[in-house]
Amino acid sequence: MPVNQNNEEFRPVIVAFCCNWCSYAGADLAGSSRLSYPADVKIIRVPCSCRVNPMFILRAFEKGADGVILCGCHPGDCHYSTGNYYARRRMTLLFSMLDFIGVENGRTRVEWVSAAEGVKFSETMNSFVAKIRSLGKNVRLGDLRCKN
Amino acid sequence: MQELITRAKALLESGEVQRVLGWKQGEHIYDPEPAFFDSAEALKDFVYNGFCGANLSKYMIEAAKLEGKTLVFLKPCDSYSFVQLMKEHRVDREKAHIIGVGCKGKLSVNKIDADGILDIQGAGYPDCADTLTVDTLYGQTTVSYKDAMLERCHVCKGKEHMVCDEQIGESADTADSDRFAQVAAIEAMSPEEKFAFFQSELSKCIRCNACRNVCPACSCRKCVFDSTKFDSTQKANTTSFEEKMFHIIRAFHVAGRCTDCGECSRVCPQGIPLHLFNRKFIKDINSLYGEYQAGVDAQAKAPLTSFTQEDAEPSIVAEGGLTHA
Ligand code: FES
């Protein structure tokens, strides 16, 4: 069957940084409960949401991600007590900076998902992927220079 | 200026300080540069005038490793950087004799619209003129002192020294605009306009790293931008993404520590308004986590190394809650 380029569905590349102690287990639970979420989501396991340096997010975009989501333990539930509080401040500032330079702010998200929330995990991923699909391909973060 | 030299000589001769950190005459009147002087004779090259914008605090990191005390001249805004460096244990207060010098606003030659500048009169200190007289290869022109001032002086934080052992010279108030006006104006643009604005500004970047090198808050011994693991070690760009990455990360690394001294924008050979990145972070920090001015109090808790349970969620950005805050 000939493939029609224009009709092909846009498959975004989504990077999800998931904290080992909660969201990663939440993803597991989603899997074992047979809840589905789009295969466009690539999970990267991190020891804590606080491990995520703003550069990780930018780097993911640089390498072609269309959306980046960070999932961690609920505030107050961090395995290391307070890591996610610091992550929260950092990400707020980073997202605000991305918004400031004119990159659609819907491409980044932080969501708190516990190990027991398989349903929330699958719902979050579904809604995030839908959001990125509607935004389309990420061109702005990939290219800020005037090339023409 | 003579007063500063006399005092520096006296301190050198009494043996109280081993060397003096100040500014020395550059090739032109408008480009004095930071310099160490280790004898009274060497001080003949010392200058302090309207073009001495360079912030000397960062050089005190090196001075702290030397034998004996160093006399350093700090302008009011430089003293914020020094306090910040003290807070980070990068400078040694015991090994510094700080003379707080007065400031009547610092000038930028880039703001003087003239070619072939030979000499500029009226930029002296403490006696500066309201109007500078500029001698050029093509004749004489004039420009008001105010118009030739660096952007940062128009939004001056005040002429009070945050740290000093003694004070010499008086200051004049130069603040006449709102520090966050530019940032707010950009925030009010549409995403397309914002993007176009930063695209045109950052496209000028030649990755000379001057902004990083001059920044008193950028004082890591090993910098991520020099790491071979970072995607843009090389100065020439290999991908179109590098400028953006570089500038966001540069500003992020000093978020909550940047005193807004404006050195980054002053040294940029391409005239990129780099302070906008830093100021955006400062504005957000102020509105989200409470007013904070880095470099005022060496004991204060920095905004990015503290938190409250009630902090805003990052989704506040997508909801537009920060744009007009
Ligand atoms: S351990 Fe999960 S966010 Fe810190």
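In this text the structure is predicted, and so the values were computed from the model without any measurement. Sequence lines set the chain letters: A, B, ... in the order given, protein chains first and strands last, and positions in each chain run from 1.
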Item to complete: Sort B/Glu192 into side chain, backbone, both or neither according to what part of it lies under 4.5 angstrom from a heavy atom of chain A.
Response: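 Both the backbone and the side chain of B/Glu192 come within 4.5 Å of chain A.
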
Practice prompt. With a 4.5 angstrom heavy-atom cut-off, could you sort out which part of B/Ser190 is near chain A: side chain, backbone, both or neither?
Written response: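 Looking at B/Ser190, nothing touches chain A.
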
Would you indicate whether the side-chain heavy atoms of [Y] and [X] approach each other to under 4.5 Å?
X	Y	value
B/Glu187	A/Asp99	no
B/Phe277	A/Ile101	yes
A/Leu98	B/Val317	no
B/His253	A/Pro54	no
B/Ser306	A/Arg89	yes

Worksheet item: chain B heavy atoms under 4.5 Å from A/Leu94: which part of the residue, side chain, backbone, both or neither?
Response: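 Both the backbone and the side chain of A/Leu94 come within 4.5 Å of chain B.
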
Worksheet item: Which region of A/Arg109, side chain (C-beta onward) or backbone (N, CA, C, O), has a non-hydrogen atom less than 4.5 Å from a non-hydrogen atom of chain B, or is it both or neither?
Response: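 The answer is neither part of A/Arg109.
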
Discussion item. Whether the side chain of A/Arg88 engages the backbone of B/Gln309 through a donor-acceptor N/O pair (distance < 3.5 Å, no angle test) should be reported.
Written reply: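 Yes, because the side chain of A/Arg88 sits within donor-acceptor range (under 3.5 Å) of the backbone of B/Gln309.
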
Item to complete: For each of B/Asp284, B/Leu304, B/Asp311, tally heavy-atom pairs with chain A at distances under 4.5 Å, and name the one with the top tally.
Response: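 Most pairs with chain A among the choices: B/Asp311.
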
Worksheet item: Closest heavy-atom contact between B/Leu276 and A/Phe100?
Response: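 In terms of heavy atoms, the two residues are closest at O-CE2, 3.9 Å.
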
Discussion item. For A/Tyr85 versus B/Thr308, what's the shortest heavy-atom pair and its separation?
Written reply: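 It is CD2-O, 4.1 Å.
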
Practice prompt. For the pair B/Phe307 and A/Tyr86, name the ring-plane relationship: parallel under 30°, tilted 30 to 60°, perpendicular over 60°.
Written response: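 Judged by the thresholds at 30° and 60°, the geometry between B/Phe307 and A/Tyr86 is perpendicular.
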
Fill in: From B/Phe252 atom CZ to A/Arg90 atom CZ, the distance as rounded to the nearest 0.5 Å
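B/Phe252 CZ to A/Arg90 CZ: 7.0 Å, rounded to 0.5 Å.
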
Discussion item. Can you tell me if A/Arg51 has over 12 outside heavy atoms packed within less than 6.0 Å of its CZ?
Written reply: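 Not more than 12 within 6.0 Å, no.
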
